[in-house]
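Working notes, structure below.
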Amino acid sequence: MTFEAEVAQRIANNGTDQALSRDAQSLMTSSFRAGYSYNFSWMGRPIIQYPQDMIAMQEIIWRVQPDLILETGIAHGGSLIFSAAMLELNAACGGPADAQVLGLDIDIRAHNRKAIEAHPMSRRITMIEGSSIAAEVIAQVQQKAAGKKSVLVCLDSNHTHAHVLAELQAYAPLATVGSYCVVFDTIVEHLPMDMFPDRPWGPGDNPKTAVHEYLKTHPEFEIDRAIDNKLMISVAPDGYLKRVK
Ligand SMILES: C[S@@+](CC[C@H](N)C(=O)[O-])C[C@H]1O[C@@H](n2cnc3c(N)ncnc32)[C@H](O)[C@@H]1O
């Protein structure tokens, strides 16, 4: 068996490994409660992600070679810097030379904007301030995506069902065939209700419920289970949506 085939077999086995699933879920619950996703930075900017998901994004960005990455939810800018850095590496290896990251946030704090704009990766980054589901923002994004050959979409803003469903309707169609629309924080569905006392989302109303609603009428997307089974530790179970047609 080749190395690649062995890896694929091992990953597939994870999907039916009940002990591993149970332990992974337990770690997700306790680590989420401990605010684990806030512990990391990428090239100096705080990134609100689990490292496992960052590795999955690196694998996707290398494979897909996007010339545009659209991200909703900027916060401190770490995920924008991460994406821009991956595009720099792609370009250095013969990938799209002028690939860009487009970030949307309803509230780009002045100090965050300043730090992102001063960052060495900033030449690949454009930011739009406004709600990701506002008609004028969607129109600007569509304009910037026009003519792009390979588009990757990442949704990580307001995590209610209604908001994520509206984002999926607006932006998932921009993901090109073979690329992904990645929906973060689907994990909320599997965490205890008491973890989100000050949030409008929780179990039953979150990115995962929106993903499953969207997929009912969008067979052009499939959940990439190999990514879930590979990571096990992830804030985005069922959230790696691959555009297959
Ligand atoms: C989880 S943080 C994003 C984290 C970032 N992607 C990272 O990995 O570091 C969520 C962000 O979504 C933004 N947000 C909330 N509601 C929004 C909306 N309606 N439209 C756009 N952004 C929104 C918040 O201001 C916040 O900065």
Side-chain angles (χ1 to χ4, degrees), residues 28 31-32 35-58 60-61 69-87 101-117 119 121-122 124-142 144 152-172 174 180-189 191 195-196 198-202 205-208 210 231 233-236 239-240:
M28 284 311 298
S31 62
F32 212 87
Y36 185 82
S37 64
Y38 295 96
N39 293 350
F40 305 95
S41 62
W42 190 268
M43 297 178 82
R45 293 307 300 158
I47 180 167
I48 309 171
Q49 296 293 350
Y50 274 50
Q52 287 77 3
D53 289 304
M54 288 155 61
I55 291 292
M57 292 306 299
Q58 176 273 325
I60 288 173
I61 294 168
I69 300 178
L70 169 67
E71 295 191 21
T72 71
I74 295 173
H76 304 268
S79 58
L80 289 187
I81 302 292
F82 172 86
S83 292
M86 294 304 113
L87 295 180
V101 185
L102 176 58
L104 316 179
D105 202 294
I106 198 166
D107 179 16
I108 306 175
R109 303 279 164 89
H111 62 281
N112 288 331
R113 179 186 283 281
K114 206 171 150 197
I116 295 164
E117 287 177 350
H119 197 279
M121 290 297 124
S122 69
R124 294 194 179 268
I125 297 172
T126 305
M127 292 175 277
I128 298 174
E129 187 168 62
S131 175
S132 55
I133 59 170
E136 65 273 17
V137 173
I138 295 171
Q140 285 181 69
V141 172
Q142 284 170 340
K144 288 192 183 294
L152 171 63
V153 176
C154 309
L155 306 180
D156 189 22
S157 69
N158 176 325
H159 300 313
T160 63
H161 176 99
H163 188 86
V164 177
L165 187 56
E167 283 190 332
L168 280 163
Q169 281 154 354
Y171 302 126
L174 299 179
Y180 288 75
C181 177
V182 181
V183 183
F184 288 101
D185 276 358
T186 48
I187 188 69
V188 171
E189 178 66 4
L191 298 172
M195 252 190 220
F196 310 98
D198 56 348
R199 300 290 202 181
W201 53 81
D205 179 354
N206 58 66
K208 191 172 200 174
L231 298 181
I233 305 293
S234 168
V235 301
Y240 287 91

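In listed order, ligands and their atoms are each counted from 1. Everything quoted here is computed from the prediction, not taken from an experiment. We count residues from 1, following the sequence as given. Values below: all heavy atoms of this structure, side chains included; hydrogens, waters and symmetry mates excluded.
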Can you see whether Ser31 engages Tyr50 through a side-chain donor-acceptor pair at a distance of less than 3.5 angstrom?
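Distance-only check passes for Ser31 and Tyr50.
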Whether the His163 and Ser132 side chains hold a donor-acceptor pair (N or O, under 3.5 Å, no angle test) is what I'd like checked.
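Looking only at side-chain atoms, Ser132 and His163 do form a donor-acceptor pair, the distance falling under 3.5 Å.
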Should the heavy atoms of other residues, nucleotides or ligands under 6.0 Å from CH2 of Trp42 be counted, would the total exceed 12?
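Check fails, neighbour count at 12 or below.
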Residues in contact with ligand 1, criterion: heavy atom under 4.0 Å:
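Protein residues near ligand 1 are Ile47, Ile48, Gln49, Gly73, Ile74, Ala75, Ser79, Asp105, Ile106, Gly130, Ser131, Ser132, Asp156, Ser157, Asn158, His163.
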Measuring only between side-chain heavy atoms, which start at C-beta, is Ile106 closer than 4.5 Å to Ser157?
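Sidechains of Ser157 and Ile106: no contact.
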Tell me every residue that passes ring pair (Phe, Tyr, Trp, His ring centres under 6.0 Å) with Tyr171, counting only those two or more places apart in sequence or in another chain.
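Applying ring pair (Phe, Tyr, Trp, His ring centres under 6.0 Å) to Tyr171 gives none.
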Say whether, by atom type as modelled, one donor and one acceptor occur between the side chain of Glu129 and the main chain of Ile108 under 3.5 angstrom.
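Yes, Glu129 side chain to Ile108 backbone: donor-acceptor pair under 3.5 Å.
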